[in-house]
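A short write-up of the structure that comes next.
Since the model is a prediction, treat every value here as computed from it, not as a measurement.
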Amino acid sequence: MDVARISELLAEYQIPSAAIGILHDGEITEAAVGVKDVTTREVATTDTIYQCGSMTKTWTALAFMQLVDEGKADLDEPVRTYLPGFKVADPEVTARVTPRQLLNHTNGIEEEYGDAGEGDDVHERMVENIASAPQVHPLGYTHGYSAALGYAILARIMEVIDGKGWDDVMKDRLFDPLELTSTTSRHEHVDQDRAATSHLIRSSGEGPFVSPLGYLPRAFGPGGNINSTVREVLALAHVFLDQGKARDGRRIASAEAIHEMMHSRVPIPDPYMFGPEWALGLVVCDWHGETVYAHDGSTVGQNARLRILPESNLAITMMTNGGPRESFYKKVFNEILPDFGAVTIPDLPHPDPTLNLDPSRYEGVYERPGARYEVTAEDGRLHLTLVMNPMQARFLRKPERITYDLLPVSETHFLMPSDDPLEDTQTVAIYDFQHGAAQYLHTNCRVTPRAGL
């Protein structure tokens, strides 16, 4: 691992620190560069604890599969079997939604769970609060990422079955059996002397600064609040590489459960940013013909990446206290992967200038609470305008409306380059044409319906 090169990339992207771990043929290689906090300048080490963000979902999914192994839960049994009071606005979804559809983000329930507080009953309250939550899309119709709610419902099922809070479920089912001493699900339990500080960046001139939000609300717990080190994230990865076993040979989940997590898949409408399919707590990527399993995570100022390559018997993770930047992660991983004889991350596709699209099929407003996209056309070229929350725009010192070009890759897929040097090119899917018009826009794993659906 070329630590000097990684240090150069950190400086280029103005990310305060990164810790990297590689598990290959059972052996771990680790490195850390940069500082935990730009104000104290304390050096990051491989023992620094970072926030996993949505990588937490892989942990939660694995613990849920233990319940399936034990016959206490079934992936295809309605949620109401375990939570009789469960209810959302759509009666069909109330009656039929299953744990599998929560795990793979096809449930379509809008994240209208209100303020569930910071107490031990947070997941119970979230479930109670969604009695009138509408659908973003019909049950099972398309993939649409749920940042908090879907996995909070799973957590509540786990709490009811195990008779304890989700935090204790995770400790008893995963953290202790895997002998993890630095991994926690509550920020209060993190060793603050080892914790990385979260950072944001608004401009290259200003540089990174300490985030005003040091951690996510407790509602994000099962979907985003685990804290860990790179070595202990690799302990999780080992379970997937060794068909359910820990490094010491202890059985954590059955081989059948691991197979189900990896092979029960649904298509992702935008296949280019992360991967073409979503499994149970894992994204499925295609790197030049090799299947790679992944999950990323971001909090307000930290970022985590995990890639598992079974064919190469390799897992690689990176945790940072800045970002996320897709191009940074790709450059770092592509520096490291060839050293282990592994495939590298493919580039995004190129636009296809020969495509002759009818702009009217895409134009319109796509909107849901907290997200609004306006697709327009000028001289036959499509554009997307992101409408930001005014408070967020002021904090980030950005305009409330930011317009991007949409460069077609196919009839439904587009590149969305940015003029901002702090932004990478994004990918967008606009799809499901009915009555001559696209019904959904999918970007950064989130789905947004055409207004009026």
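Remark: Phe333 CZ is packed, more than 12 non-hydrogen atoms of other residues, nucleotides or ligands lying under 6.0 Å away. By the neighbour-count criterion of 12 heavy atoms within 6.0 Å, atom NE2 of His189 is densely surrounded, having more than that number from other residues, nucleotides or ligands.
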### Query
Which is it for Thr29 and His24 under the side chain to side chain contact (heavy atoms under 4.5 Å, CB included) test, yes or no, and what are the steps along the way?
CA-CA 8 Å; Thr29 303; His24 185 235; over 6 Å; no

### Task
Applying side chain to side chain contact (heavy atoms under 4.5 Å, CB included), run through Val169 and Leu174 and close with a yes or a no.
CA-CA 8 Å; Val169 171; Leu174 289 183; over 6 Å; no

### Task
I would like to know whether Ser54 and His295 meet side chain to side chain contact (heavy atoms under 4.5 Å, CB included); could you show each step before the answer?
CA-CA 7 Å; Ser54 287; His295 214 300; 3.9 Å; yes

### Message
Run the side chain to side chain contact (heavy atoms under 4.5 Å, CB included) test on Met261 and Leu103 for me, step by step, so that the C-alpha distance in whole Å, both residues' side-chain angles and the decisive distance to 0.1 Å come before the verdict.
### Response
CA-CA 9 Å; Met261 287 185 71; Leu103 286 161; over 6 Å; no

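Using modelled atom types, one finds no donor on one side chain facing an acceptor on the other under 3.5 Å when comparing Tyr373 with Thr443. Looking at Tyr329 and Thr320, their side chains never bring a donor and an acceptor atom within 3.5 Å of each other. Side chains of Thr45 and Asp47: a donor-acceptor N/O pair is absent below 3.5 angstrom, by distance only. Using modelled atom types, one finds no donor on one side chain facing an acceptor on the other under 3.5 Å when comparing Ser185 with Asn225. Ser203 and Arg397 share no side-chain donor-acceptor pair at under 3.5 Å. Using modelled atom types and a 3.5 Å distance limit, the side chains of Asp420 and Ser418 yield no donor-acceptor pair.
Listed for the Asn321 side chain is a donor-acceptor partner under 3.5 Å among the backbone atoms of Lys36. Using modelled atom types, no side-chain atom of Asn444 and backbone atom of Arg446 make a donor-acceptor pair closer than 3.5 Å. At least one donor-acceptor pair under 3.5 Å links the side chain of Gln51 to the backbone N or O of Gly214. Using a distance-only test at 3.5 Å, with no hydrogens or angles considered, no donor-acceptor pair links the side chain of Thr344 to the main chain of Asn334.
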Sequence neighbours excluded and cut-off under 3.5 Å, please list the side-chain donor-acceptor pairs for residues 154-161, or say none.
residue, atom, partner, partner atom, Å
Arg156, NH1, Glu159, OE1, 3.2
Glu159, OE2, His123, ND1, 3.0
Glu159, OE2, Trp166, N, 3.0

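To the nearest 0.5 Å, atom NE2 of residue His413 and atom OG1 of residue Thr427 are 8.5 Å apart. Note that the OG1 atom of Thr229 and the CE atom of Met319 stand 7.5 Å from one another [nearest 0.5 Å].
Applying the side chain to side chain donor-acceptor pair (under 3.5 Å) criterion to Thr94, with sequence neighbours excluded, gives no partner residue. With sequence neighbours left out, Glu118 forms a side chain to side chain donor-acceptor pair (under 3.5 Å) with no residue at all.
Each of Lys398, Arg202, Arg325 was scored for a salt bridge (Lys or Arg N to Asp or Glu O under 4.0 Å) with Glu423, with one residue passing: Lys398.
In this structure, His143 and His442 have tilted ring planes: the angle between them lies in the 30° to 60° band. Using the six-membered ring where Trp is involved, His137 and Tyr440 have ring planes that are perpendicular, over 60° apart on the 30 and 60° scheme.
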